[in-house]
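Numbers restart at 1 for each chain; the letters A, B, ... are given by sequence-line order, proteins then strands. Just so it is clear, the structure is predicted and the values come from calculations on it, not from any experiment. Heavy-atom basis, side chains included; hydrogens, waters and symmetry copies ignored.
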Amino acid sequence: MRSDVSAPTVIALLTDFGTSDPYVGIMKGVILGLCPTAQIVDVCHEVPPHDVLAGVLMLRGAYRYFPSGTVFVAVVDPGVGSARRAIAAEADGRTFVCPDNGLLSGVAKETSIVRAIELTNSEYFLPRVSRTFHGRDIFAPVAAHVATGTKLDVLGPEIDDLVTIPLSEAVRTADGWEARVIYIDSFGNAITDLREDAVRDTDVRQLRLSVAGTTIVGLSESYAAVREGEPVALVGSWGYVEIGIRDGSAAERLRVRRGDAVTVSSRRVEALE
Amino acid sequence: MRSDVSAPTVIALLTDFGTSDPYVGIMKGVILGLCPTAQIVDVCHEVPPHDVLAGVLMLRGAYRYFPSGTVFVAVVDPGVGSARRAIAAEADGRTFVCPDNGLLSGVAKETSIVRAIELTNSEYFLPRVSRTFHGRDIFAPVAAHVATGTKLDVLGPEIDDLVTIPLSEAVRTADGWEARVIYIDSFGNAITDLREDAVRDTDVRQLRLSVAGTTIVGLSESYAAVREGEPVALVGSWGYVEIGIRDGSAAERLRVRRGDAVTVSSRRVEALE
Amino acid sequence: MRSDVSAPTVIALLTDFGTSDPYVGIMKGVILGLCPTAQIVDVCHEVPPHDVLAGVLMLRGAYRYFPSGTVFVAVVDPGVGSARRAIAAEADGRTFVCPDNGLLSGVAKETSIVRAIELTNSEYFLPRVSRTFHGRDIFAPVAAHVATGTKLDVLGPEIDDLVTIPLSEAVRTADGWEARVIYIDSFGNAITDLREDAVRDTDVRQLRLSVAGTTIVGLSESYAAVREGEPVALVGSWGYVEIGIRDGSAAERLRVRRGDAVTVSSRRVEALE
């Protein structure tokens, strides 16, 4: 999308640091010291603490909406200070800088990782590296260097054994899918692992979704398709089937939780009676 | 204020998306893909979910502090996916991009809407428009296009019937005003709908304000004018009379809530006894 | 770090305004009206309301990671509207704009304040100054002017009697230190006032730390050095000894609170039995 050669590079941050400490601000200070013109964007800093899987899903849902050339810094890093590697990877025209703990598993499912590097060249780190805050000391400065044109190959040796974590995916059954709630957003919408394209050839008005004791018939086109307070299932903005309540929280009212099973049946309703 | 022709355009975002999901970050990614030099500013993302009126008040209180030329994207959008229109409007040298659900009612009370357009030209949207996330698919890209110089008239037909929602306003009574608490900020200060200019010709030391069973005599000049823990009424930074507690939360200690009546009397105190 | 003459100036904001009101956004609007190319960064806006000391610690922990030339705006200002002065100060190549209530006490301990100015020249304020929101009306516009090249000496008279607040510091004892928990971060890590360099010449594996009824033996190198759920003491990213729990919150599990005493003994463990 960007033809302007001198356009500032986007550095997009995803962490579990929250916003009540100065940690994220400090990372931005480090970045701007090295790349003064960076366009720094917060993807999200409220990944639940140490919840790598939530980080995986957010990164998967977000990355493609950022311009080609974006450098992502993703830090959900329970293993900071241990032997886990620090990496930079290239995929789909973007660069990802993060700990090697599976954070890129979602991106890797959507597109191929073109190249991955272990970050070993400490010339691109802060002069002094702590054992507890690699976001500040390693990931932020490396991202800033990449944003100013540093090539990945000077950052360390290429590797081909990235850690991955398995991602839940709806399983085809005789008459539908066994799906799972993988994410609950702050509106209380429950996003499942049933992809949009899986249901594309189905008569979605006939689908029956059962979750946490509630059954919803048919996928709607939007929340506004049902009456206020009513449950609704639809293909949401994440590209997955999600369950919501018009003007309310499905998580609260239907008591849906992350990990809950969602049984999806495409048998015609008549056939059930 | 801005004379520098090449100054980056400010795109200011106001939503009810919160910050615990990547939704706002995704909107920023979309904007920067289309307008790489934008100065993106968060006005606020913690409008209570679906609370259009709170969005109206925040936008009214904030817009004039942003430079001329700012493009606001306001998304509090319970009707997303329904027939509600998407609009762009010009007022006071700024542009506002939002759903047509009354969000501009506050701005329209302060200044005149010069022009309003229904956003129908999908060339300026993302290629694929979801039914649940117009912030990403319509409002963000339209704002980015406007920021890069796209004129409103190519975005769709002009309209003159914007949805408005009535805004509470203090009512003159025989000896004062019947006002209402319209907003409670995070410090617990209760902002009323009694405008600064309404009380300008009054001897404010004589005013008696009664709210939730507490009576406060006189408008003070600042929170520091009373002792710690004491209630105080003053003309606040919103340009309205507000009720606070020095170094404390009026909402908590006085149990004031949004919507509460505030009786303001300018009768001399002596006359009451 | 910045050699590029035309690099945009960083304006870094630290406040207790939270993010649920448009207050911070309004300050940014004001800044961009006066300095359109500013790189605005949030250090943190969740300083607990009116907790100047917490602001002091965050500023002390963060400032050196921002590039030389950064203009900090720090607003934790319970005395807004009172006689407290508004100031700008220069230290370590950065400028700090804030109320004169001790906010710079931490910076002043790390480096020397080169110059301090009382902000009296209202030409650099917004045309109309409220009594309740100097962040918007004084501090933001002054910072923007400084970022565009305005020299401190035109802003007001030099002063040499900045308000300072005493900072807790671990006290040397016969066999160790009497320290104190000064900050609890959002991960639940308890940061003490025992500086890294104080323990540098000690055999840290021999240190015994007692806090809130728990004793921890030895400083570890990272959280990952202990088993999940176990307490750990280490030199953290703030440059101070801190107490944490691997993959958990020390604040919750050990019931540690800000202000708690931490007794640190360097007597050999054998000697105690």
Side-chain angles (χ1 to χ4, degrees), chain A residues 1-4 6-10 12-14 18-19 37 39-48 54-55 57-70 72 183-189 191 196 220-225 228 234-239 242 244 246-249, chain B residues 6 8 11 13 15-42 45-52 75-84 99 101 126-138 140-141 144-145 148:
Chain A
M1 284 190 204
R2 288 164 48 199
S3 54
D4 181 355
S6 67
T9 301
V10 177
L13 310 181
L14 177 84
T19 52
T37 59
Q39 272 279 17
I40 303 179
V41 176
D42 300 306
V43 180
C44 186
H45 297 293
E46 295 172 39
V47 176
L57 297 172
M58 289 192 196
L59 203 53
R60 179 181 74 178
Y63 83 92
R64 85 194 63 176
Y65 292 99
F66 284 76
S68 178
T70 294
F72 288 89
Y183 186 78
I184 305 235
D185 75 11
S186 63
F187 288 91
N189 299 319
I191 290 94
E196 175 175 23
S220 299
E221 295 229 310
S222 73
Y223 294 108
E228 201 179 315
L234 44 70
V235 172
S237 65
W238 294 70
E242 69 187 54
R246 177 161 181 189
D247 298 331
S249 162
Chain B
S6 66
I11 299 183
L13 310 181
T15 76
D16 65 349
F17 293 167
T19 52
S20 60
D21 298 308
Y23 299 142
V24 170
I26 287 171
M27 286 177 64
K28 294 178 181 175
V30 169
I31 287 170
L32 293 173
L34 296 164
C35 180
T37 59
Q39 270 280 18
I40 303 178
V41 176
D42 299 307
H45 296 294
E46 294 173 39
V47 176
H50 300 161
D51 186 342
V52 177
V75 192
V76 184
D77 195 11
V80 64
S82 72
R84 71 97 187 91
N101 60 10
L126 285 199
R128 202 175 145 207
V129 174
S130 72
R131 296 291 293 264
T132 58
F133 193 2
H134 287 185
R136 176 189 71 191
D137 304 333
I138 296 180
H145 282 293
T148 55

_At a heavy-atom distance under 4.5 Å, which candidate from B/C35, B/A38, B/P49 has the highest pair count against chain A?_
B/A38
*Measure the CG-CZ distance between A/D247 and A/F187 for me, rounded to the nearest 0.5 Å.*
10.5 Å
_Under 4.5 Å from a heavy atom of chain B, the part of A/Y183 involved_ = side chain
*Checking A/E221 side chain against B/R131 main chain: does a donor-acceptor pair fall under 3.5 Å?*
no
*Distance-minimising heavy-atom pair for B/G29 and A/P67*: O-CD, 3.4 Å
*Do A/Y223 and A/L234 come within less than 4.5 Å of each other through their side chains, counting heavy atoms only?*
yes
*With respect to chain A, which residue among B/T132, B/D21, B/T19 yields the maximal number of heavy-atom pairs within a distance under 4.5 Å?*
B/D21
_Within the 4.5 Å heavy-atom criterion, are B/V80 and B/S130 side-chain neighbours or not?_
no
_Among A/S237, A/G18, A/C44, A/A224, which residue has the highest count of heavy-atom pairs closer than 4.5 Å to chain B?_
A/S237
*asked:* To the closest 0.5 Å, what do you measure between CD (B/Q39) and CD1 (B/I31)?
replied: 12.5 Å
_So which residue, A/V43, A/L14, A/D42, ends up with the most heavy-atom pairs under 4.5 Å with chain B?_
A/V43
*Looking only at heavy atoms, what is the nearest atom pair of B/V75 and B/M27, with distance?*
CG2-CE, 4.2 Å
_A/A12 portion near chain B, given a 4.5 angstrom heavy-atom threshold_ = neither
*Side chain / backbone / both / neither for B/Y23 at chain A, heavy atoms under 4.5 Å*: side chain
*Could you tell me which portion of A/L13 (side chain, backbone, both or neither) has an atom closer than 4.5 angstrom to a non-hydrogen atom of chain B?*
neither
*A/V41 versus chain B, the contacting section by heavy-atom distance below 4.5 Å*: side chain
_Between B/R84 and B/D77, is the side chain to side chain contact (heavy atoms under 4.5 Å, CB included) condition met? List the steps._
CA-CA 9 Å; B/R84 71 97 187 91; B/D77 195 11; 2.7 Å; yes
_At a heavy-atom distance under 4.5 Å, which candidate from B/D16, B/V24, B/I40 has the highest pair count against chain A?_
B/D16
*Which bit of B/R136 comes within less than 4.5 Å of chain A, counting heavy atoms only: side chain, backbone, both or neither?*
side chain
